[in-house]
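Side-chain atoms are counted along with the backbone in the values below, which use heavy atoms only and exclude waters and symmetry mates. Order of the sequence lines sets the chain letters (A, B, ...), proteins ahead of strands, with each chain counted from 1.
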Amino acid sequence: MRCHFTPFGLKYDQIFYYGETRWPQMDHCKAEISRVLAPLTKMEASRIAGLLEEPPSPELGDLAFPCFILAGQWKKSPAEIAADLGRALAGRRGECWERAEARGPYLNFYLNYPLFIRDVLKRIYEAGPDYGRSDRGQGGVIVIDYSSPNICKPFGIGHIRSTVIGHALCLILEAMGYRTIGINHLGDWGTQFGKMIVAYERWGEDEKLYQDPVNYLYYLYVRFHQEAEENEALEEEARAWFKRLEDGEEAAVNYWKLFRRLSLENYEQIYDLLGIKFDYYHGESHYNDMLDDVIRMVQEKGVAVESEGALIVDLEKYGLPPAMLRKKDGATLYLTRDLAAAMYRHRTFNFVKALYVVGAEQKLHFQQMVKILELLGFPWAQDCIHVPFGLIRFKEGRMSTREGKMILLEEVLRRAINLAREIIEEKNPDLADKESAAKMVGLGAVRFGDLSNDRVKDIEFDWDKVLDFSGETAAYIQYAHARICSILRRGGSALPEWSEEAVAALGREEEKALVKTLAAYPGKIEASAASYRPSILARYLIDVARDFNRFYHECPVLVDNPQLRQARLLLILAVRQVIKNGLGLLGIAAPEEM
RNA sequence: GCGCCUGUAGCUCAGUGGAUAGAGCAGCGGACUUCUAAUCCGCGGGUCGGGGGUUCGAAUCCUCCCAGGCGCACCA
């Protein structure tokens, strides 16, 4: 069971690459400036390139060399050194930069914007949908275990995190040139089935089950826990039923199949709505016939020992609590199935990484899993990576499926779409396909709300926030996209042709800032992929939309001057491309009208 | 008790060693005969949980506290 409820884990320690941010045009400038500074500072050009940074505001230039590190050996203040270097470069310019100027302890370089704008826009124009994609992954396989809801429980808001984060990571890593395999590790095995069977045997009615399967199963699940409070025998009975299920007893298996099928049908409706397709629905039960091998292996390798009738792995040496692989009644555990799953995945897909997009409360579980794989001698153990996220909670406290304190994802999605529809009805009553736009905006809002914050943090569930379409939201980004589409529609029948002469007309502050932001896109994808944090990309898209909105208010596109008009059309075409590509990687649609 | 995560503006959060710590929301004030006002502009608002340390430089790294959250053998 991946996502019953809850939070926490690691932050930056699971990065598998985090090299220099690729920012082609900017990197080119850094290289050139480093070559200029190398003889003046007597430092290696590559070292200088690593020190160059972006100033906090545009008046301070575009790249800065901090002079602090030279202060010691030159026996001068950083400000004096900056001034010296500034004098040495007075009147000089390079291909990428047009001037250098000392400002306090920094030497600031100002970009040659005509060239920079031309290069960035041309690159986006030529790459189109591929802008930002790379082949860095070289087709390596990354298995992503995500969503993984629990059969017999409704798809709650708590499951949305794994679902949308996992899906976005699939898309982002694919853009980085990896081949991703999305696996839905359904919670379709375990003692909860014993509980469900007990509940159904005692209180279940077929009619009600078929009428509204998931909610009825949920009702039984909650009722079981209520009654179990008074009657401890129920838990024991449930364990016994689960054992019968593991032993393959027909009555138990038939219940299991029924519950599983009914739940899955419900989940698939939600996945369809969200546009998510898994490569495999390999739930926990998929590994049932591999468990004996796992048990045999840990015993043969002397990794596990018998203790009080159970089979455990002592991990004390590694600062971890013991891990149990088989209970005294002979039944296996979650961890046993995860070990089998990891081995199966490596055997089958030969992955370079296996990601587990699972709540942070399961950190210990994955630490134990990786350590046991290591003890078993699998060199790829360290490639199994838990990508944790915080829990969604109410103001009053945590959600609890078994106490019935939860919110249905379906309801959240429905309300978001309904509200989007109302707003469209009010703001754009003539829109042709309101339903489609409402879906894009409503679903985008829910997704973005989850993706835009750092995943390790808890999220407080608040209807007002979920149903907010202003400020830093998906709608803000989508609206910028729709506006651009609108201008392009009015600007002529065909899309603007590339023209270096026309683009030379760009140079206003709003235009420069916008182009600089667009240039950062490939680096943001890399950073998102490297730290498995879609929030980096999500936040970046807010920046793009904001820069576009500022431009939009200051710079009319459809002006009379044909060259400026074409230049701005090319600029917004590039903005549209970046927004569309970026939202696409978050699984969010970019409406042409809204 | 032990371990892990979090703590930044009234609220929700950006900010993974560099220049005056930034957004959104909420509040107040402006901008639609002009490419969609789901937008933009302005104003106010901070002991970056606290103390020590490392560093030319710390919200960021180390350490000790405090607060909240989550875990820690027969659940998943």
Touch class at under 4.0 angstrom, heavy-atom based, for P66(A) against every strand present: nothing
K195(A) to F224(A), cation-pi by 6.0 Å centre distance and 45° axis angle: no
Any R393(A) side-chain N or O less than 4.0 Å from OP1/OP2 of G68(B): no
Nucleotide nearest I424(A) when distance is taken to its side chain, options A19(B), A38(B), A73(B): A38(B)
R239(A) and E236(A): CA distance, side-chain angles, deciding distance, salt bridge (Lys or Arg N to Asp or Glu O under 4.0 Å) verdict: CA-CA 5 Å; R239(A) 274 190 285 274; E236(A) 201 48 56; 3.0 Å; yes
Nucleotide nearest Y552(A) (side chain, heavy atoms from C-beta), chosen from C25(B), A14(B), C35(B): C35(B)
Nearest to side-chain heavy atoms of N453(A), which nucleotide of A14(B), C74(B), A19(B): A14(B)
Euclidean distance, atom CG of residue L514(A) to atom C1' of U39(B) [Å, nearest integer]: 15 Å
Candidate nucleotides C56(B), C40(B), C35(B), ranked by approach to the side chain of S486(A) - the nearest: C35(B)
Check: A19(B) base within 3.5 Å donor-acceptor of N108(A) side chain: yes
Sugar-phosphate, base or nothing in reach of Y476(A), heavy atoms under 4.0 Å: sugar-phosphate
Check: K153(A)/Y221(A) side-chain N/O donor and acceptor closer than 3.5 Å: yes
Same-atom distance (P) from U6(B) to A21(B), integer angstrom: 24 Å
C35(B) OP1/OP2 closer than 4.0 Å to side-chain N/O of R565(A): no
Atom-to-atom span, CD of E316(A) to P of G3(B) - whole angstrom: 14 Å
Out of U36(B), C75(B), A19(B), whichever nucleotide has its closest atom nearest the side chain of R483(A): U36(B)
Touch class at under 4.0 angstrom, heavy-atom based, for R239(A) against every strand present: sugar-phosphate
Touch class at under 4.0 angstrom, heavy-atom based, for A310(A) against every strand present: base
Chi-angle category of C25(B) [syn within 90° of 0, anti beyond]: anti
Under the ring-ring contact (aromatic ring centres under 6.0 Å, His included) test, residues paired with F551(A) that sit two or more places apart: none
U16(B) to C62(B) separation - P atoms, rounded to the nearest Å: 15 Å
Nearest heavy-atom neighbours spanning G491(A) and L569(A): O-CD1, 4.5 Å
Dot-bracket summary - RNA chain B, pairs being Watson-Crick or G-U whose distances fall under 3.5 Å, with | when paired to another strand: (((((((..((((....[...)))).(((((.......))))).....(((((..]....))))))))))))....
Within the 6.0 Å centroid threshold, strictly below: F242(A) and F193(A): no
Inter-nucleotide C1' distance (G15(B), C75(B)), Å rounded: 39 Å
Nucleotide of U39(B), A14(B), G69(B) approaching D458(A) most closely (side-chain heavy atoms): G69(B)
Of the listed nucleotides A19(B), U36(B), A14(B), the one nearest the side chain of D454(A): A14(B)
Nearest-angstrom distance, P atom, U47(B) to U54(B): 26 Å
Geometric class of the F548(A)/Y552(A) ring pair [parallel <30°, tilted 30-60°, perpendicular >60°]: tilted
Side chain proximity check, E511(A) to L571(A), heavy atoms < 4.5 angstrom: yes
G7(B) to C13(B) separation - P atoms, rounded to the nearest Å: 10 Å
Which nucleotide in A38(B), U36(B), G15(B) has an atom nearest any side-chain atom of K427(A): A38(B)
Nucleotide nearest E308(A) (side chain, heavy atoms from C-beta), chosen from C74(B), A19(B), U39(B): C74(B)
Syn/anti state of A14(B) by chi, 90° boundary around 0: anti
Whole-Å C1' distance, U36(B) and A31(B): 16 Å
N/O (side chain, K363(A)) to phosphate O (OP1/OP2, C72(B)) under 4.0 Å: no
N or O in side chain of K457(A) less than 4.0 angstrom from U12(B) OP1/OP2: no
Please write out the pairs of protein N or O atoms and N or O atoms of nucleotides 21-23 of chain B separated by less than 3.5 Å, giving the distance to one decimal.
unit_1, atom_1, unit_2, atom_2, d
A23(B), O2', E472(A), OE2, 2.4
A23(B), O2', R546(A), NH2, 2.6

Side-chain touch L325(A)/T332(A), heavy atoms, less than 4.5 angstrom: no
Atom C1', compared across U8(B) and C40(B): separation rounded to whole Å: 27 Å
Side chain of Y479(A) (C-beta onward), nearest among C74(B), A37(B), C56(B): A37(B)
